[in-house]
Student: 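Take this structure, written in structure tokens, and hold onto it; I'll ask about it next.
Hydrogens, waters and symmetry mates play no part in the numbers below; they use all other heavy atoms, side chains included. By convention in this document, chain letters (A, B, ...) are assigned in the order of the sequence lines, proteins followed by strands, and residues within each chain are numbered from 1.
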Amino acid sequence: MPEILEAEKARELIEARALGREIAGVHAPDAWFLKRGLTPEGAAAALPGRRFTEARRRGKLLLLDTDGDGPTLALHLGMSGRVIIDGEAAGDPLLYAANGDNPAWLRFGVTFVDGGALSLRDPRRLGAAELDPDEERLGVDAFALRLPVLRAHVAASRAPIKAMLMDQARIAGLGNLLTDEVLFRAGIDPVRPANTLSDTEVRALARAISTTLRTLQRRGGSHTGDHMPAREPGGHCPRDGAELLRRTVGGRTTYSCPVHQR
DNA sequence: CCGGATGTTCACCT
DNA sequence: GAGGTGAACATCCG
């Protein structure tokens, strides 16, 4: 479920509930889940005794700074990850509820001296935890994106505009659903090479990104877009009634309207 | 049984 | 170098 909006919810949960609490131990039962050289032993050596001082986010990557000269813990939610603190999730409806309390899905976590815990629950195991990540591998956070930066990225890429928008090294945070909604709102065909967009279209795109993020955040998440109900084979555009196209763009299933997205 | 699912990374082509 | 495709990861759902 996570794109930038869900990552932001998780960040807010961490900020509200996890800062300042002394870490007692690390739960890292799955070495594969740890990335960039991090080991269960390494995590167990680096985190206990520390406290999280700040919960940041860049795109979909959660960044938890620790006090003193401690490391920054980075958490990826992957496709099905969710942050749980003291047994309460970030507020999203439970996925895989039929087996929602399978303890094997708690891929990483820390326990606090006060008895609570922060966990990353990830049934599909596509998330990750690492220490001191290279934050610069990610481009500008989508919430902070401004027209001049978007304009530069658009001009520099011949990739389909959808692929360019989803490239986390350029703009961090937009995933498959948000990108389709953005292009739906901007009236732009997802397969258009980025550098063929007119400046008028780039301006519309910048507005659509901003509006989409704020509107869907208020509605409750990445899955609340206007085009979502039609996101199935044979679905019709809620704006003009045309049957939506279903294609693969940038490696992902893509729905778009052949009438108003040109 | 099969295909597909909100993500990232990598091998392999063109 | 840029960018596309398909696979892999693990699990559930229709």
Student: Send over the distance from A:Phe33 CZ to B:dT9 C1', rounded to a whole Å.
Tutor: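 Rounding to the nearest Å, CZ of A:Phe33 and C1' of B:dT9 are 15 Å apart.
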Student: Using a cut-off of strictly less than 4.0 Å, decide whether A:Lys60 has a side-chain nitrogen or oxygen near OP1 or OP2 of B:dT8.
Tutor: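 So the side-chain polar atoms of A:Lys60 do come within 4.0 Å of the phosphate oxygens OP1 or OP2 of B:dT8, strictly under.
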Student: Can you list the stems that include DNA chain C, where a stem is three or more consecutive Watson-Crick or G-U pairs with distances under 3.5 Å?
Tutor: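 Looking at DNA chain C, the stems formed by three or more consecutive pairs are B:2-5 with C:11-14, B:7-14 with C:2-9.
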Student: Using atom P of each nucleotide, how far apart are C:dG14 and B:dT6 to the nearest Å?
Tutor: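 C:dG14 and B:dT6 have their P atoms separated by 15 Å.
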Student: Name every donor-acceptor pair, under 3.5 Å, that has one atom in a side chain of residues 24-33 of chain A and the other anywhere in the protein, sequence neighbours excluded.
Tutor:
from: A:Asp30; atom 1: OD1; to: A:Trp32; atom 2: N; distance (Å): 3.1
from: A:Asp30; atom 1: OD1; to: A:Arg125; atom 2: NH2; distance (Å): 2.9
from: A:Asp30; atom 1: OD2; to: A:Arg125; atom 2: NE; distance (Å): 2.5
from: A:Asp30; atom 1: OD2; to: A:Arg125; atom 2: NH2; distance (Å): 3.3

Student: With no hydrogens and no angle check, do the side chains of A:Arg214 and A:Ser210 hold a donor and an acceptor under 3.5 Å apart?
Tutor: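 Yes.
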Student: Can you tell me the distance, in whole Å, between the NZ atom of A:Lys35 and the C1' atom of B:dT8?
Tutor: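 Distance, rounded to whole Å: 8 Å.
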Student: What is the distance from OH of A:Tyr255 to P of B:dG4, rounded to the nearest Å?
Tutor: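 Going from OH in A:Tyr255 over to P in B:dG4 covers 9 Å.
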Student: Within the distance-only criterion (no hydrogens, no angle test), does the side chain of A:Glu181 pair as donor or acceptor with the backbone N or O of A:Thr212 below 3.5 angstrom?
Tutor: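 No, the answer is negative, given that no donor and acceptor are paired below the 3.5 Å cut-off.
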Student: Tell me: CZ of A:Arg252 to C1' of B:dG4, nearest whole Å?
Tutor: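 Spelled out: CZ on A:Arg252 to C1' on B:dG4 is 11 Å.
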Student: When rounded to the nearest Å, what value does the distance between C1' atoms of C:dG6 and B:dG3 take?
Tutor: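 Nearest-Å result for C:dG6 against B:dG3 at atom C1': 15 Å.
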Student: Identify whether any heavy atom of A:Arg247 sits under 4.0 Å from a base atom; if not, whether one sits that close to sugar-phosphate; answer base, sugar-phosphate or nothing.
Tutor: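 Counting heavy atoms under 4.0 Å across all strands, no contact is made by A:Arg247.
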Student: A:His236: what forms a ring-ring contact (aromatic ring centres under 6.0 Å, His included) with it, not counting sequence neighbours?
Tutor: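 For A:His236 there are no ring-ring contact (aromatic ring centres under 6.0 Å, His included) partners, ignoring immediate neighbours.
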Student: Not counting sequence neighbours, which residues clear salt bridge (Lys or Arg N to Asp or Glu O under 4.0 Å) with A:Arg239? List them please.
Tutor: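 None.
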Student: Using atom NZ of A:Lys9 as one end and atom P of B:dT6 as the other, report the distance to the nearest whole Å.
Tutor: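 The answer, rounded to whole Å, is 17 Å.
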Student: Please report, rounded to the nearest Å, how far the P atom of C:dA2 is from the CG atom of A:Asn195.
Tutor: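 Nearest whole value for this atom pair: 14 Å.
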Student: Taking only Lys NZ, Arg NE, NH1 and NH2, and the carboxylate oxygens of Asp or Glu, determine whether A:Glu8 and A:Arg11 approach each other closer than 4.0 Å.
Tutor: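 Judged by the 4.0 Å cut-off on N to carboxylate O distance, A:Glu8 and A:Arg11 do form a salt bridge.
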Student: Could you go through nucleotides 4-9 of chain C and list every protein N or O atom that sits under 3.5 Å from one of its N or O atoms, giving the distance for each pair?
Tutor:
from: C:dC9; atom 1: O3'; to: A:Arg125; atom 2: NH1; distance (Å): 3.3

Student: Heavy-atom contacts under 4.0 Å between residues 132-141 of chain A and DNA chain C, which residues?
Tutor: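 None, since no heavy atom is under 4.0 Å.
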Student: In whole angstrom, what separates A:Ile161's CD1 from C:dA2's P?
Tutor: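 It works out to 17 Å between those atoms.
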Student: What is the distance from CG of A:Leu61 to P of B:dG7, rounded to the nearest Å?
Tutor: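 Going from CG in A:Leu61 over to P in B:dG7 covers 14 Å.
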Student: Is the shortest side-chain N to carboxylate O distance from A:Asp134 to A:Arg36 below 4.0 Å?
Tutor: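 Answer for the salt bridge query: no.
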